[in-house]
> 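Handing you this structure, nothing more for now.
Convention: sequence-line order gives letters A, B, ...; per-chain numbering from 1. Just so it is clear, the model here is predicted, and its values are computed rather than measured.
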Protein chains: 2
Amino acid sequence: MVMGRPRSFDMDKALDEAMEVFWRHGYDGASLAMLTKAMGIKAPSLYAAFGSKEGLLKAALDRYALRRSEHMRYVLAGPTARDVAERFLSSIAESHTDPANPPGCLLVQGGLACGAGSENIPFELASRRAQTETELLERFVQAKADGDLPEDTDPVALARFLSTVASGMGVIASSGANRDALREVARVSLGAFTGNA
Amino acid sequence: MVMGRPRSFDMDKALDEAMEVFWRHGYDGASLAMLTKAMGIKAPSLYAAFGSKEGLLKAALDRYALRRSEHMRYVLAGPTARDVAERFLSSIAESHTDPANPPGCLLVQGGLACGAGSENIPFELASRRAQTETELLERFVQAKADGDLPEDTDPVALARFLSTVASGMGVIASSGANRDALREVARVSLGAFTGNA
DNA sequence: CAACTTTTATAACGAGTGGTAGATAAGTCT
DNA sequence: AGACTTATCTACCACTCGTTATAAAAGTTG
């Protein structure tokens, strides 16, 4: 078997750059010109490697999920349900204001609404957001089985609440809210945790 | 003075249609072709009336604000801070799942991230979201002066929390969350209210 | 009716869109 | 070395983008 000419760019580096463009401009707002310039490659190389603009986004989303999975492992390892919630919101307050990235969350900034020809992008992003919510839910179900949450607590509602606050934090972070502001939102949200469960 | 040829379309009706297109597709995703078709007018009429695509968005946002101002009057008239919060989140659960409109909130769906040439759109939307937060803040400051909120309560944090949850509800509503789901998010959020203030 | 003013429709503008042939370059394998 | 496979480059595709010049149409006012 023959190998052919080797790829001359670093795929992960290129994906990081693409991720940043999608993050900052959204799927519709990210043009091929922007993407290829940021990635340092020409359009044919991009299409050979990722198939299409949408394929590139999905590859970038996979890489984004990889990054977050480390955080989530730590979050879900919290000893109590409340610890899990606190770790979750705190890690979001930090990551959504990390100066190394565009503000906010790629899964929110990427495109809640898209134009003709990009109709499935919002679904793609929503399904990835739902995955985090499911992870929280399973952890809360476990917590309830452990007697760590009151009997009358609805784990579905709790996971959805945290997921919703996380999305909201993405919105306000992208609008310029700073880290302390996000931390305060996390703090108030945790009050809701104890007050209601 | 001479009047000239009268406008042959209803401006408010046309704005309602434009609003829906921006709401469903976002600013970048809403093309002039979509907009003119939905509004039932041709491009030159649109430009004569609104100046530009961005001018059209702003006019639609003004009309959107007009709609919401009625809700906000009711919300802010709540007798206690907690009532205000409850009215706020409840009205959002309803409005963001009103089948008469696209799901979610125009101020979120409209564009958190935009492409080259639309850089100021996210700022425009953010400033309109901030207005609601300011209204809540002022009401909570008043509540505190009334002795309606504990001394150690931070009205800024409280208003920001509610605003953040509202944005998050917009995100999940646009992803298909139904009215009951939003109501439960509102309920849990209010638990945060009593638990923390 | 005729002068005037504004809106309308037709048609097109240049720039940019996502995507792709076709040829060349750069490797590996026999 | 030579065959083979894959990546990269230049150039370009048809199309859509937001926007506008031009001229006809529709009203009001003198």
> Does some side-chain heavy atom of Arg68(A) sit less than 4.5 Å from a side-chain heavy atom of Ile92(A)?
yes
> Look at the side-chain N and O atoms of Ser8(A) and state whether any lies under 4.0 Å from the OP1 or OP2 oxygen of dA7(D).
no
> CG of Asp28(A) versus C1' of dG18(D): gap in Å, rounded?
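Between C1' of dG18(D) and CG of Asp28(A): 15 Å.
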> Can you see if the side chain of Arg7(A) gets near the phosphate of dA7(D) - specifically, an N or O under 4.0 Å from OP1 or OP2?
yes
> State whether Lys53(A) places a side-chain N or O below 4.0 Å from either non-bridging phosphate oxygen (OP1 or OP2) of dG18(C).
yes
> For the backbone of Arg87(B) and the side chain of Ser90(B), can you confirm whether one donor and one acceptor N or O come within less than 3.5 Å of each other?
no
> With sugar-phosphate meaning primed atoms plus P, OP1 and OP2, does Ala116(B) contact a base, only sugar-phosphate, or nothing at under 4.0 Å between heavy atoms?
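It contacts nothing in the nucleic acid.
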> What's the CD1-P distance between Ile41(B) and dT10(C), to the nearest Å?
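Distance, rounded to whole Å: 14 Å.
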> I need the CZ-C1' distance between Phe50(B) and dG18(D), as an integer number of Å.
16 Å
> For dT20(C), does either OP1 or OP2 sit under 4.0 Å from a side-chain N or O belonging to Tyr47(A)?
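Checking Tyr47(A) against dT20(C): no side-chain N or O falls below 4.0 Å of OP1 or OP2.
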> Where the side chain of Met3(A) is concerned, which of dC29(C), dT20(D), dG18(C) is the nearest nucleotide?
dC29(C)
> If I take atom CG in residue Leu46(A) and atom C1' in nucleotide dT20(C), what distance separates them, rounded to the nearest angstrom?
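Roughly 13 Å, once rounded to whole Å.
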> What is the distance from CE of Met11(B) to C1' of dT6(C), rounded to the nearest Å?
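From Met11(B) CE to dT6(C) C1': 14 Å.
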> Where the side chain of Phe9(B) is defined as all heavy atoms beyond and including C-beta, which of dA21(C), dT6(D), dT8(C) is the nearest nucleotide?
dT8(C)
> Rounded to whole angstroms, how far apart are CE on Met39(B) and P on dG18(D)?
13 Å
> Consider the side chain of Arg5(B), meaning its heavy atoms from C-beta on, and name the nucleotide among dT20(C), dT8(C), dT10(C) that approaches it most closely.
dT8(C)
> Could you pull out the closest heavy-atom pair between Phe161(B) and Val185(A), with the gap in Å?
CD1-O, 4.2 Å
> Does a side-chain N or O of Ser31(B) approach OP1 or OP2 of dC17(D) to a distance below 4.0 Å, or not?
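So the side chain of Ser31(B) is within the cut-off, an N or O lying under 4.0 Å from OP1 or OP2 of dC17(D).
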> Can any side-chain N or O of Lys144(A) pair as donor or acceptor with the backbone N or O of Glu151(A) at less than 3.5 Å?
yes
> Between dT20(D) atom P and Lys42(B) atom NZ, what is the distance in whole Å?
19 Å
> Using whole Å, what does the distance between atom P of nucleotide dC17(D) and atom NE2 of His25(B) come to?
12 Å
> Counting N and O atoms only, with roles assigned by atom type, does the side chain of Asp148(A) sit under 3.5 Å from a partner on the main chain of Ala81(A), one being a donor and the other an acceptor?
yes
> Any base atoms under 4.0 Å from Ala43(B), or only sugar-phosphate, or nothing? Heavy atoms, all strands.
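Base contact.
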> By nearest heavy atom, map Pro6(B) and Gly51(B) onto DNA chain D; which one lands nearer the 5' end?
Gly51(B)
> So, OP1 or OP2 of dT8(C): does either fall under 4.0 Å of a side-chain N or O from Ser45(B)?
yes
